[in-house]
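Proteins get letters first, then strands, A, B, ... in listed order; numbering begins at 1 in each. Model, not experiment: these values are computed from the prediction. Side chains are part of it too, since the values below use all heavy atoms of this structure and drop only hydrogens, waters and symmetry mates.
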Amino acid sequence: MSTGNFIKDIINEDIRTGRWYGRVATRFPPEPNGFLHIGHAKSICLNFGIAEQYSGICNLRFDDTNPVKEEQKYIDSIKEDVSWLGFDWKDREYYASDYFGRMYECAVKLIKKGKAYVDDLSQEKIKEFRGTFTEPGKKSPFRDRGTEENLELFEKMKNGEFKDGEKVLRAKIEMTSPNLNMRDPVMYRILHTAHPRTGNEWCIYPMYDFAHCLEDSIEEITHSICTLEFEDHRPLYDWFLEELGLHHPQQIEFARLNISYNVLSKRKLGLLVSEKKVEGWDDPRMPTISGLRRRGYTAASIRDFASRIGVAKANSTVDTALLEHCIREELNKTADRVFAVLDPLKIIITNYPEDKSEYFEVENNPEDSASGTRELKFGREIYIEREDFMEAPPKKFFRLAPGRESRLKSAYYIKCNEVVKDSSGSIKELRCTYDPESRGGDTPDRRKVSGTLHWICAPGAVNITVRQYDRLFTRENPDEAEDFRLCINPDSLAVNKECMAESSLKDIEPGKRVQFFRHGYYIADIKDSKKGKPVFNRIVSLKDTWAKIVKKEGS
RNA sequence: UGCCGGGUCGUCUAAUGGUAGGACGACGGCCUCUGGAGCCGUUUGUGAGGGUUCGAAUCCUUCCCCGGCAGCCA
């Protein structure tokens, strides 16, 4: 399925010309300041996928250069997510912080070359001196300090002799460059903050532009794949490695993923978590890898999605329907069908003996002959789905109604004779008769019936909790809203605790995925589901033609 | 409007001077003991104008539109 893309074109050309002696080395370099989302999954699949395809390697590298924002718990979650997605970085688990010593040496080298200097300007002044898009920047008065003084000052920065923000180390490039990134970018800032891994060893930390190219270089990466917003930084990436005369990977930028009705930025997802709009990073509504996992998406379906969306340089927004298609396609083949009635309506089969019960054999998955069958108990009192009955059905309603006959899947045909209502007029139960001739779900005369319904035998039915998830946002592009939080879908979660299901679900293993017949695919929640007290998450609904008809006629 | 980068069906993505194709969606049909699945079919696209060429999505040119960039974030 995987199509060619412009990055593979570049790699193929490099292999043809022997640029890297046939070697391919990529890396996935997350900053551990949040949980990974499906946009990262795209990058993970790309980087690890390329390494796999070209018999190369892909490193997992934590870009931990800003201790103010980074935490060990994020490192742990990232490792879990990448691994769950099905990728193995072997022993190549690297950290930018492991290179701090070497980076420091590189900075000293640049100072000695006259290519870096310690600046005393305040943050505000640096900003002011940088100029704007249309005006060139101005040189800092500290720009021409002597090498010895710079060396001494930089060492003092390292030794903690200055306060946060008092001084920075800057690259000496060109204050009039049309590319603002080249106007003497900051290389090091002072941060008296403990680092999750290096503790208090350092109080100066390298900035992304200086650090990242060195990380890639040290690891002898060949193709450094990143997102479009770093395009303007490439000249800097190249400048540092050129000035330092180091191994020089090629930076290649591609468009980050956007999915309709979603936000895909760590900052915004973090706000949903910190403001308790969702229950956590792994809330099943979140497009995080942990959220999708908990929702019930499989790693294979996410990898399939990543291969289908392709890789390009043009900004784009992928339709949520494609992700849903990927998981439906997989689960249709692999998930066992079970009966669950989400909104029960009781039926008394008046001509069925009160003391009788029997069992019917039902196939587990018509798409998988190896999945076998199971026995389902049947009796005089059953539940069907409330929406499978209508007192005054419209033309296209093909289910049970007064005087109409429907098939109970794999059991009998039943005919509705009487509608019993309570004092408020709402339907309490149905009185039906069954046709003994239809045993197993078919009659000798092969007569047509009005639909096939799933059902649950009332005695023995188990109560289950079902969480019906819907899209988290009501707007196709929440990023375009004044505030993305204002278009959160108030109905993104509906919990139904009154559902009834066949007895086999009582002790379902948490994490197991099934199809609720005629409803959709569900997973026994890995955190909240307990044997004997199952809780299900709706992964994705079945495609629902009837719902579409209703919607069309209604509008 | 400084610099950088982009514009191909509704959406995503191929075609690298030689029949504009695929996937998802939508629509229609067939089939069906899931209004599911499956099968078949339909629809719609090269941002605009010039030029080069036997032939242009592709090369040249002018224009239009969209995105990114002014953190001591990554």
Side-chain angles (χ1 to χ4, degrees), chain A residues 1 3-6 9 29-31 33 63-66 68-70 119 121-123 126-128 130-137 164-170 177-183 185-191 204-205 207-209 211-212 226-235 253 255 257 260 266-267 308-326 328-329 332-333 337 339 362-363 365-367 396-399 407-411 413 440-442 449 451-454 515-521 541-549:
Chain A
M1 180 68 217
T3 55
N5 63 51
F6 77 99
D9 290 346
E31 182 189 14
N33 67 343
D63 204 1
D64 56 347
T65 58
N66 185 0
V68 176
K69 294 184 172 176
E70 297 151 8
D119 197 349
L121 246 32
S122 67
Q123 190 162 178
I126 286 181
K127 180 178 172 152
E128 185 188 322
R130 185 155 35 227
T132 67
F133 290 146
T134 48
E135 303 158 36
D164 286 6
E166 207 174 322
K167 287 182 170 35
V168 290
L169 183 72
R170 290 230 256 170
S177 170
N179 181 345
L180 299 252
N181 295 123
M182 301 297 275
R183 321 243 261 226
V186 173
M187 293 165 59
Y188 269 95
R189 77 284 217 187
I190 300 170
L191 248 31
I204 56 171
Y205 293 92
M207 297 287 291
Y208 171 86
D209 286 307
H212 204 89
C226 62
T227 43
L228 250 30
E229 67 269 29
F230 293 105
E231 220 157 12
D232 288 339
H233 296 244
R234 188 174 355 112
E253 310 85 14
L257 174 66
S260 56
K266 268 195 247 178
R267 189 185 69 81
R308 287 174 188 250
I309 58 177
V311 177
K313 293 200 76 162
N315 292 108
S316 61
T317 300
V318 175
D319 195 333
T320 309
L322 183 59
L323 218 207
E324 296 178 343
H325 168 81
C326 292
R328 275 197 193 103
E329 187 179 66
N332 174 49
K333 296 191 191 95
R337 276 60 170 164
F339 287 178
V362 185
E363 57 184 347
N365 184 353
E367 302 292 322
K396 289 176 182 166
F397 186 79
F398 202 56
R399 302 175 192 179
R407 172 190 293 115
L408 296 177
K409 165 81 177 171
S410 300
Y413 291 178
D442 238 329
V449 289
T452 300
L453 316 179
H454 58 286
Q515 181 196 100
F516 285 177
F517 201 74
R518 300 206 302 136
H519 283 298
Y521 298 98
S541 69
L542 249 27
K543 284 210 262 180
D544 190 344
T545 322
W546 170 245
K548 209 180 281 181
I549 292 168

message = Using a 4.0 Å heavy-atom cut-off, does K409(A) contact any base of the nucleic acid, only the sugar-phosphate backbone, or nothing at all?
response = base

ask   = With a non-hydrogen cut-off below 4.0 angstrom, is R399(A) in contact with a base, only sugar-phosphate, or nothing?
value = base

Whole-angstrom distance between U8(B) and U58(B), as gauged at atom P = 13 Å

ask   = Is there a donor N/O on one and an acceptor N/O on the other, under 3.5 Å, for the side chain of E367(A) and the base of G36(B)?
value = yes

ask   = Just how far, in rounded Å, is C1' of A37(B) from CD of E363(A)?
value = 12 Å

ask   = So, is S260(A) close to the U11(B) phosphate, meaning a side-chain N or O under 4.0 Å from OP1 or OP2?
value = no

key: K266(A) vs A74(B): side-chain N/O to OP1/OP2 distance below 4.0 Å   = no

query = For the residue pair Y208(A) and F230(A), is the inter-centroid distance of their aromatic rings smaller than 6.0 Å?
reply = yes

query = Among C73(B), G35(B), C24(B), which nucleotide sits nearest the side chain of M207(A)?
reply = C73(B)

task = Check whether any side-chain N or O of R518(A) sits under 4.0 Å from OP1 or OP2 of G35(B), and answer yes or no.
result = yes

ask   = If only side-chain N and O atoms of T317(A) are considered, is one of them under 4.0 Å from the OP1 or OP2 phosphate oxygen of C12(B)?
value = no

N/O (side chain, H454(A)) to phosphate O (OP1/OP2, U34(B)) under 4.0 Å = no

request  = Give the intermediate values and the outcome of side-chain hydrogen bond (donor to acceptor under 3.5 Å, both in side chains) for residues T320(A) and S260(A).
outcome  = CA-CA 6 Å; T320(A) 309; S260(A) 56; 3.0 Å; yes

request  = From the options G35(B), A74(B), G36(B), select the nucleotide whose nearest atom is closest to the side chain of T65(A).
outcome  = A74(B)

message = Is the phosphate of C72(B) approached by R170(A) (side-chain N or O, under 4.0 Å from OP1 or OP2)?
response = no

ask   = Under 6.0 Å between ring centres, would you say that holds for F397(A) and W546(A)?
value = yes

request  = Answer yes or no: does a side-chain N or O of K333(A) lie under 4.0 Å from OP1 or OP2 of A37(B)?
outcome  = no

query = Under 4.0 Å: is that the gap between some side-chain N or O of R234(A) and OP1 or OP2 of C3(B)?
reply = no

inquiry  = Counting only side-chain heavy atoms from C-beta out, which of G5(B), G68(B), A23(B) sits nearest to D232(A)?
reply    = G68(B)

message = Does N315(A) reach a base, just sugar-phosphate, or nothing at all? Heavy atoms under 4.0 Å.
response = sugar-phosphate

query = Would the H519(A) and H454(A) ring centres measure less than 6.0 Å apart?
reply = yes

inquiry  = Mind checking if E253(A) touches a base, just sugar-phosphate, or nothing, with heavy atoms under 4.0 Å?
reply    = nothing

query = Does R189(A) make a side-chain N or O approach to OP1 or OP2 of C73(B) shorter than 4.0 Å?
reply = yes

inquiry  = The side chain of T134(A) is closest to which nucleotide in this list: G71(B), U34(B), G2(B)?
reply    = G2(B)

task = Identify, between F230(A) and T132(A), the residue whose nearest nucleotide on RNA chain B lies closer to the 5' end.
result = T132(A)

task = Using a 4.5 Å cut-off on heavy atoms from C-beta on, say whether the side chain of S541(A) contacts that of R328(A).
result = yes

task = Would you please confirm or rule out a distance under 4.0 Å between OP1 or OP2 of G36(B) and any side-chain N or O of T545(A)?
result = yes

request  = Give a yes/no on whether any side-chain N or O of R407(A) is located under 4.0 angstrom from OP1 or OP2 of U32(B).
outcome  = no

query = For atom P, what is the distance between U13(B) and C30(B), given to the nearest Å?
reply = 36 Å

ask   = Which nucleotide sits closest to the side chain of K313(A): G6(B), G35(B), G71(B)?
value = G6(B)

request  = Quick one: list whatever passes side chain to side chain donor-acceptor pair (under 3.5 Å) with S177(A), sequence neighbours left out.
outcome  = none

remark   = Stems field, RNA chain B, Watson-Crick or wobble, 3.5 Å, at least 3 pairs, by first number, holds B:2-7 with B:64-69, B:10-13 with B:21-24, B:26-30 with B:38-42, B:47-51 with B:59-63

